[in-house]
Structures are given as structure tokens and as C-alpha cells.
Colleague: 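Here's a structure for you.
All values derive from a computational prediction rather than experimental measurement. The first residue in the sequence is number 1, and the count goes up from there. Both ligands and their constituent atoms are indexed starting at 1 by order of listing.
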Amino acid sequence: MKAILDHVGIAVTNLDEALALYRDALGLHVEVPEEVASQRVRTHFIPTGQSALELLEPTSEDSVIAQYVEKRGPGLHHITLRVDDIRAALEQLKARGVRLVDEQPRPGAEGALVAFIHPASAHGVLVELKQAAAPAVRLDPRTMAFGDLQLTTLHDGPFRLDGGAMFGVVPRPLWEKKAPPDDRHRIQLAMRPLLVDASWGRMLIDCGVGEKMNAKDRDIYALDRSRTLDDALAAIKLSSESIEIALASHLHWDHFGGATERVGKALKPRFPKAEYIIRSAEWEDATHPHERNRASYLQDDFVPLKDAGVVVFFEGDQEIRPGVRVVRTGGHTGQHQIVFIESGGRTAVFVADMIPTAAHLENAWVMGYDLFPMDTLAFKRRFIREAIDREYLIFFEHDPLIAAGVIREKDGRRYVEQVL
Ligand SMILES: [Zn+2]
């Protein structure tokens, strides 16, 4: 079992005196207090690096904290250890005869699960175990009519990437509130290919990651294959055979790894009836990687497509099918492109890695992965203004919760009004 010190709870009788020490004398930041009505206590968190101090102030005389203070005076009340799997932790403790206050976990603040170990079994210390709420990731396919088209946001399972790399030069205290990192510093992401159903055929924009990744990389990226693109397609009564066109935003593994699959020892196109539409210059870059992008361009993801004769190359920005237009952004990769979908007077845009999640709306929130971040910045600055003014429907490929929405701006602050 791995446990991280989450916080130390300190019972106080006089909050002002406590603040005079922690806030004024030590100069620590004290968060706004939270009232826990059921315990008749007010909590004041003080972040201290990976862990925090929690000042516990009773709000009534019959509060457990008031009783504790009356008996033993103010001071250390409990320590809290964060574990990945609280049920497994409790089982392990029970098996060793440790006395527990809670045999089963119960709900704590912010969706966490908590349970206490009895001080009699912990050398006089009240120990709380806590399993933080997993940031939810929405994986259900969602469909909407869009002019003459039908748009369905699919998924190819959740994964995680390094939070620092996802937010580039933005300091962690700013991004970690929007995208809380796990104990390996990774944030929750989704992979959402977009299905366009039109009179001219069925197009998939990006293909997810597929099944080829080895166990070590699956672990590094927390790749969860319990629900995949096949499940998403099955949920809308389609299969790999249903896809007629596969269009790539760019050829990184988390976007086009799902274009091929392993059949025995051979690598085959994953969608047997599809043509694969790829920008020639992106193909050139992907097949001539350098040290900086080699880990992103995995040759098995796309070379077998050319071998099978199913790739259609094109050059320059253009309409790929009626209502579907690609525009090169550069930035993330030299030839990274986004896809404009226009029908019935409305515009939707699949923005791929230019704006990977709804947390990346500020111009300077550009990924550390980008090869040419200043190009991303320049394109994004112009694009987001246009998207706000014209109320584009934006499809976020990596956002764990918001598949699509409209970017709004109020008092200089940008946010997404979720649609799907
Ligand atoms: Zn990506």
C-alpha cells in the first residue's frame, strides 16, 4: 500500500490566535473556511507543499472537536493519509487485527471517501484514510444534428499525461485547480474522435490510440482500455466496418494510433473499408522524426496504411468533403491541422491539440509538447477571438468532461458553455 500525507488536523479553541501564528507570523496562505455542519466544525486549510494543515474550529459546544479540546486541550487532532484504494487498505488493516472506527469507507468532503483508524491501534494518534475522488471522465458517445450532418463525439478510453507538460509555462498553482494531478503528476484526459455522418459518407476525425501500446507505456500514460472506440461505435450500432473515411488532425499516437491494428504478426488498417486522408507534409514529418518528436510519431500507426494502399494524400488547406474543411495551424506539430465543419449556417471546429481541453482557453496556456509554441499562440489568439464572436461549436478532443461547447467571454474571463 502506498500512502501520502494529505494533511494534519489541529484542533483550536481560539482561531484568531491560531491565525496570528500560521497566517501572520509564518506568512502562510489560509484558504476560505469550510463549514462541516454534521460535525459542527469549521475547517481552515493551509496548504504546505504536497500536504496541508487543517485548523479545526468547533462551531458548537457539542461538536466532537469541542469535546476533544475539553478533554485534552487544543492541539494535534488527526493525521490524514491519502491512499489509492481505501477499501483494499481497510481490508489489509482488518486482516492484521487493526481496530477501525469505520469498517467501511464513508463519504468525506469533495467527493472523497474516508475512514478512521482507532487511536488505540495507532499509538494514540487518530489516523484518517482518504481516497480522493477520481476526476470523472465522461465516455458516453453523444450525438447531435448539425445542419444536414450528424455529429457524434466518440471516445477511445481515458489516459493521463504529465500535467506540467500539458500546460507549458503556466505555473502549477494556476493549472492544478482546473486539472488536479495524481501522485505521478499526471492529469486526466480523454481521447475523443469525432464522427461526421453525411450524405457523402461516414467520416471519423482522428482514431484514438488503438490496442498496440505495450504494457510499460500503458502504465506511463495510465491508458485504460476497459472502454474503447469499439465499444463507443457499438453503442451507436456501428463498427469499424462502418467507417468510410478517416481524417487525421496529425499523426501522433493519441490521435492516429487507432488507425492500424495488429492481426497476428501483421499490421493492418483498423477500418477495413476506409480511405485514410493525410496531409502530405505531416506524413513527411511523421516518417522523418527527430529526437524531440520520436516518442510521439510511432511508425506502426501509419506506415502500414501506405503499404496497404489506403492513404489519400493532399496538400494545403482545402475542403475534404462538402462542409468539411481543414486548416493548418502549425504549432503543436509543423503541419497540425484543425477541421471546420459547416452546415445549415453553423460552424463546428474540431480543434485537436491547438486547444486540447477547456482549461486551455487563455492564449498563453499552450502545451509544453508543442514544437512551435509561438505559432500555436499566434493562431490561437486569432482563432479564439473569431470563435467567441461567431459562436463556433468547439470539439475538445482531450477534455475529460466537456466534449463540445461554445467559448464565451465575460468580464475578460473565458469559459465554455457545454453543449455535449
Ligand atoms: Zn494529443
Colleague: Within the distance-only criterion (no hydrogens, no angle test), does the side chain of D370 pair as donor or acceptor with the backbone N or O of F372 below 3.5 angstrom?
Modeller: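 Not a single qualifying donor-acceptor pair exists.
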Colleague: Work out the angle at the Zn ion (ligand 1) between NE2 of H255 and OD2 of D353, rounded to 10°.
Modeller: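 It comes to 80°.
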Colleague: As a test of reading the structure, name the N/O/S atom of D254 that is nearest the Zn ion (ligand 1).
Modeller: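 Closest to the Zn ion (ligand 1) among those atoms: OD2.
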Colleague: Please check: side-chain N/O of R225 versus main-chain N/O of G210, any donor-acceptor pairing under 3.5 Å?
Modeller: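 Judged by distance alone, yes, a pair lies under 3.5 Å.
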Colleague: Look at the N, O or S atoms of H332, main chain and side chain alike, and state whether any lies under 2.8 Å from the Zn ion (ligand 1).
Modeller: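 No N, O or S atom of H332 is closer than 2.8 Å to the Zn ion (ligand 1), so no.
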Colleague: For the pair Y221 and W253, name the ring-plane relationship: parallel under 30°, tilted 30 to 60°, perpendicular over 60°.
Modeller: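 Y221 vs W253 ring planes: tilted.
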Colleague: Is there an N/O/S atom in H398 that lies less than 2.8 Å from the Zn ion (ligand 1)?
Modeller: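 Looking at H398, which is the residue asked about, there is an N, O or S atom under 2.8 Å from the Zn ion (ligand 1).
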Colleague: Verify, without hydrogens or angle tests, whether D156 (side chain) and L229 (backbone) share a donor-acceptor contact under 3.5 angstrom.
Modeller: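 Yes: the side chain of D156 pairs with the backbone of L229.
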